[in-house]
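Everything below concerns the one structure shown next.
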Amino acid sequence: MVIRVREPQTPSMPDRAPGSTAQEPGGGLTAKSLALLVIAVFVSIWWVQQTEIIVNTGAISESTPPIPAIALLILFTLVSALWRRITGRPMLRPAELLAVYIGLTFGAFVPGHGVVKRLFPSLGVPGYFQTPENDFGELLAHIPGWVAPTDRSVLQGMYEGVDGAAVPWAHWAMPLAMWTLMLVLLFVGILSLVSLFQRRWCEEERLSFPLLAIPVEITRPMSGTRGRSLLADPAFWCGVGVAALYNLSNILHAINPNVTNVPPRTELHTLFQSRPWTALAPLWLDVRLELLGLGYLVNTDVSLTYWATALLQRLESVAIAAMGYEAPAAPYSMQQGTGSYLVLAGWLVIGARTSLGRQFRAVFRGDTTEDPAARWRWIGLIAGWGGALWWLAAAGLRADIAAVFLGFIAAFALVYARVRAETGMPNIWSFPFMQASRTMIYARGSAFLAHAGPSSVTMLGVADWLGGGYYLSSGGMAAEGLKLARDGRVSRRAAVTMMGVGLVAGLVISYWAFLTPFYRYGANVLEGGTVAGGYTNRVMVGTYGSVVSWLDADSPVSPENARVGAIIAGAAQTLVLIGLRWGLVRFPLSPLGFGMASILGDRYWAMFLVVWAIKRTALWVGGVRLYRRLIPTFLGIAIGHFVIAGVVWGIIGRIYEEFSLNYFVGYG
């Protein structure tokens, strides 16, 4: 497979302790681990409620891995080690600890911007924000009552608050139950899809899953494996010190603006005030310590391609402006990324065709003795994606449009899972978000949607958040969870069960965590909002504005040939890079790096440039030994940033709300 990296990789799991068995009794699935998972999910979501909804100090649920999962894993590891020292018996076996972490990564990510925080605006915006000018009211007749509440008083109470703060659960029960079903079906489909590639990625290509270094190193004292504990390594604490200095400067600056700080963002494009250089905008220098720390684990071919692609695409916009073209969105980087991801999805299928065919034949012939789970993967694939298609069609979206929409989501989910498995990209938005529906409009205009009927157009808007939020990135967490279970003596059944429990518990608890403050304070003034809701409400207002324009038969939206051309160009460039990687052994540019950079490269290029230079220098000066010795330091930078910015600043910002908006920490 030519997408693979070609340099020493970070081992995803340490060597097992001498005499250890392949799998512990129970494989991590016990009553204790299940109970601890549910408690941990509740604590995580309450934490998100306090720091992301009631106040807005940062988006901890967007971090990769989720900050609550990392923080609670550290807590459970320390408490369990202390319990063992006192009683001589382990409070949690290593497999139980890892199983809880696997489930918690799902439970902690669902309340964020890409899932539940985007679900409620998608259901409430048409009914509450309707005016004679925006025509949102015309959409309500095409939204079934089991998809979203249509009673304006219910939505008004959510956005404005009500006396007594009583949540009208009777109006919300059916829509939330049906959306839970939809999300579970998508989870089954994505998990099954990723599972089909697991053997290929783990056994044949031996991908390293770099982000698993975090739970592996944290739980090393519990696992009985050789090597120094991460928390006892001075190099780790040096990294934590770097994170502490950076965050302390910004926290003190938030409290007293006279204190000098290291600004989280510098807008470099403001330095250029004349044409054509003004076309560089947007070009940011974002200080993201999680990208600096975890980016050290990313292969240098990927990091080189990332920052080089991002800067070249900004120069493309300058060249276009210099030729006299007025195209503010040029060179349409997101559409180039869309084309790249579609090609990469096809290439992954081609590369795994032998493994996929072997699994399919085993099921067809009824011989699954070698791989008993093969049958369930195919059943889950059909049931998950088929069930999601049925759900959308029942809601009013024409089946063929729903199939194309879900096809984009499946392709993006597969490639994102590969990105996490191969590169360890620590960003949950590294896929072509908002493009599952938009690509159809770019290619064919809105006329074909109008022919499908107003119900199809409306439901495409209602369901748009499934491709515009980050729910499909659960494929990356699923791939990592299965790998962690495979190497951490957690049974596959335990891993899948914990993922499912974490997801469902996270959804149910998130519904309570959101609706309770919504009806108490009013959603309009939460999540950093003023009188029109926070960021996710503004996003959905824009989405439904597009839906109204798609319904306008008198003035349909025309196909956008420039964006379609960018999709084709991104696909072509990816094919060229794949060919060069295939033919030239040491070719330094990565197809994955190109696709990733086309998504958010204008924000994160600087961190990848810095970490690429550091890693190349370390490999040149001290070889693999120095590179590995520095891993704890960079893990310390990332984990220290997660804990200080996500935990410490979250507590300070919750107590002293007047300072919370002066230092917002983003991870997406």
Side-chain angles (χ1 to χ4, degrees), residues 11-17 19-41 65-66 69-70 72-77 79-81 84 90-109 187-188 190-192 194-195 197-199 201-203 206-225 371-374 376-377 380 417 420-421 474-506:
S12 60
M13 294 293 292
D15 297 331
R16 288 175 179 158
S20 64
T21 58
Q23 183 174 300
E24 294 190 6
L29 183 61
T30 63
K32 185 193 303 182
S33 63
L34 280 170
L36 186 59
L37 172 61
V38 173
I39 294 171
V41 169
I70 298 172
L72 290 174
L73 179 66
I74 294 173
L75 176 64
F76 294 156
T77 300
V79 171
S80 189
R84 185 168 189 166
M91 185 182 75
L92 290 170
R93 294 196 300 270
E96 291 176 310
L97 195 59
L98 292 177
V100 171
Y101 175 79
I102 291 170
L104 189 53
T105 58
F106 280 81
F109 105 114
F187 162 73
V188 171
I190 292 173
L191 174 64
S192 301
V194 171
S195 297
F197 290 80
Q198 198 72 9
R199 174 169 290 189
W201 293 354
C202 293
E203 294 183 4
R206 302 183 66 82
L207 300 183
S208 60
F209 294 80
L211 288 179
L212 294 185
I214 292 179
V216 167
E217 294 299 330
I218 289 174
T219 59
R220 184 184 290 274
M222 296 288 297
S223 63
T225 52
D371 187 3
W376 292 108
R377 295 190 194 107
R420 288 274 286 263
S474 59
M477 296 188 300
E480 289 172 349
L482 293 173
K483 171 65 173 176
L484 189 60
R486 181 189 185 96
D487 294 346
R489 295 169 292 196
V490 178
S491 71
R492 174 180 288 269
R493 175 171 169 264
V496 172
T497 300
M498 297 298 268
M499 290 180 199
V501 171
L503 174 68
V504 175

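The structure presented is a predicted model; accordingly, all values stated were derived computationally and were not measured. All values below were derived from every heavy atom in this structure, side-chain atoms included, with hydrogens, water molecules and symmetry-related copies excluded.
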Within the structure provided, determine whether [X] and [Y] are in side-chain contact (heavy-atom separation under 4.5 Å).
{"X": "Leu92", "Y": "Leu36", "result": "yes"}
{"X": "Glu480", "Y": "Ile102", "result": "no"}
{"X": "Lys483", "Y": "Trp201", "result": "no"}

Testing the basics here: between [X] and [Y], what is the closest heavy-atom pair and its distance to 0.1 Å?
{"X": "Phe209", "Y": "Ala479", "answer": "CE2-O, 3.6 Å"}
{"X": "Phe106", "Y": "Leu503", "answer": "CB-N, 4.1 Å"}
{"X": "Ala421", "Y": "Pro210", "answer": "O-CD, 3.6 Å"}
{"X": "Ser491", "Y": "Ala485", "answer": "O-CB, 4.4 Å"}
{"X": "Gln198", "Y": "Leu482", "answer": "NE2-CB, 3.5 Å"}
{"X": "Thr497", "Y": "Arg493", "answer": "OG1-O, 2.7 Å"}

Test side-chain contact (heavy atoms from CB on, under 4.5 Å) on Arg93 and Thr30; report intermediate values, then the result.
CA-CA 10 Å; Arg93 294 196 300 270; Thr30 63; 3.9 Å; yes
How far does [atom1] of [X] sit from [atom2] of [Y], to the nearest 0.5 angstrom?
{"X": "Leu75", "Y": "Ser80", "atom1": "CG", "atom2": "OG", "answer": "10.5 Å"}
{"X": "Met498", "Y": "Leu104", "atom1": "CE", "atom2": "CG", "answer": "9.0 Å"}
{"X": "Ser192", "Y": "Phe187", "atom1": "OG", "atom2": "CZ", "answer": "8.5 Å"}
{"X": "Arg420", "Y": "Leu212", "atom1": "CZ", "atom2": "CG", "answer": "9.0 Å"}
{"X": "Leu211", "Y": "Met477", "atom1": "CG", "atom2": "CE", "answer": "11.5 Å"}

Set of side chain to side chain contact (heavy atoms under 4.5 Å, CB included) partners for Leu73, sequence neighbours left out
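So Leu73 forms a side chain to side chain contact (heavy atoms under 4.5 Å, CB included) with Thr77, Leu97, Tyr101, Pro215, Ile218, Thr219.
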Listed by chain and number, what are the side-chain hydrogen bond (donor to acceptor under 3.5 Å, both in side chains) partners of Ser474, not counting sequence neighbours?
none
Under the 3.5 angstrom rule, does the side chain of Lys32 hit a backbone N or O of Met91 as a donor-acceptor pair?
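Yes, because the side chain of Lys32 sits within donor-acceptor range (under 3.5 Å) of the backbone of Met91.
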Donor-acceptor pair, distance only, cut-off 3.5 Å: does the side chain of Ser33 make one with the backbone of Glu96?
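Between the backbone of Glu96 and the side chain of Ser33 there is no qualifying donor-acceptor contact (under 3.5 Å).
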